[in-house]
Amino acid sequence: MKNDEVLVEISARHVHLSQSDLETLFGAGHELTVKKELSQPGQFACEERVRVIGSKGEFPAVSVLGPVRKNTQIEISLTDARSIGVAAPVRESGDIAGSGACKLVGPAGEIEVSEGVIAAKRHIHATVADAKRMGIENGEIVSVEIPSSNGRNLVFGDVVVRVSNSYALAMHIDTDEANAAGMAPNTIGKVIK
């Protein structure tokens, strides 16, 4: 890839659970079961699924991603949020103060999540070496051009750069954003500063 290119991945709706919420939903002492490793090192999709319930509807089997986190977080698209009747402010992962609420139901129990529902802000994960090579910095806001073969080329602005040596180079967008661009799998975007 060229210095201004990044693989663009689609992040579908998913849930991150705290250990205590995991045990409430799946039983005391439950540990997440790895289904598939994800592109970000140490991250994985789990066999476990939960119901996400809002005021107008629900998603009956939303994937849980691991490992467990300090706080439970539900990441959905803005279309998802409207369809089930929940608030989902656009936020960076982990920034859940004052965010949306929902109910989660698992095979062993349920929890009322008072805050934790977000639409993830589009972002680029990069290692320190990737960032240096690309001329970008942690916290910088860039734009990324998404090519398409169907006449829906799109430039996404407000893309936050996140730099850590625990990452692998990739841009993450949600399903609404991918559909707007008519994006195919393994799309390479061009970073515009």
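On a predicted model such as this, the values are computed, not experimentally measured, just so you know.
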Counting only heavy atoms not in K193 (residues, nucleotides, ligands), do more than 12 fall under 6.0 Å from its NZ? yes

For N3, does the CG atom sit with more than 12 other heavy atoms under 6.0 Å from it, leaving out its own atoms? yes

Can you hop from V159 to I188 via hydrophobic side chains spaced under 4.5 Å? yes

Residue pair G157 / S143: nearest heavy atoms and the distance that separates them: CA-OG, 3.6 Å

Strictly by modelled atom types, are D176 and T79 linked by a side-chain donor-acceptor pair under 3.5 Å? yes

Gap between atom OG1 of T127 and atom CG of L169 - 0.5 Å precision: 7.0 Å

Heavy-atom nearest pair, S148 first then N150, reads OG-OD1, 2.6 Å

Checking E177 side chain against D174 main chain: does a donor-acceptor pair fall under 3.5 Å? yes

Step by step, would you call T72 with S18 a side-chain contact (heavy atoms from CB on, under 4.5 Å)? CA-CA 5 Å; T72 291; S18 67; 3.5 Å; yes

Show your working on side-chain contact (heavy atoms from CB on, under 4.5 Å) between D158 and F156 and close with a plain yes or no. CA-CA 7 Å; D158 301 316; F156 285 117; over 6 Å; no

Only one of V144, V155, V142 passes side chain to side chain contact (heavy atoms under 4.5 Å, CB included) with I192; say which it is. V155

Does the side chain to side chain donor-acceptor pair (under 3.5 Å) test come out yes or no for S166 and S164, once each step is laid out? CA-CA 5 Å; S166 66; S164 168; 2.8 Å; yes

Restricting to non-hydrogen atoms, name the atom on G42 and the atom on P67 that form the minimum distance, rounded to 0.1 Å. O-CD, 3.4 Å

Of Q73, Q43, K70, E75, the one forming a side chain to side chain donor-acceptor pair (under 3.5 Å) with H16 is E75

Stepwise, does the side-chain contact (heavy atoms from CB on, under 4.5 Å) test hold for R133 with M1? CA-CA 11 Å; R133 177 179 52 78; M1 276 195 299; 5.7 Å; no

Is it the case that atom CD in E137 sees more than 12 heavy atoms from other parts of the structure closer than 6.0 Å? no

Enter the distance from E110:CD to D21:CG here, rounded to the nearest 0.5 Å. 12.5 Å

Can you tell me if E37 has over 12 outside heavy atoms packed within less than 6.0 Å of its CD? yes

So, are K103 and E58 salt-bridged, with charged N and O less than 4.0 Å apart? no

Among R69, R162, H123, K121, find the residue that satisfies the side chain to side chain donor-acceptor pair (under 3.5 Å) test when tested with S93. R69

Please verify the inter-ring angle class for H30 with F26; under 30° counts as parallel, over 60° as perpendicular, anything in between as tilted. parallel

Search all heavy atoms of H172 against all heavy atoms of S39 and return the closest pair with its distance. NE2-OG, 4.2 Å

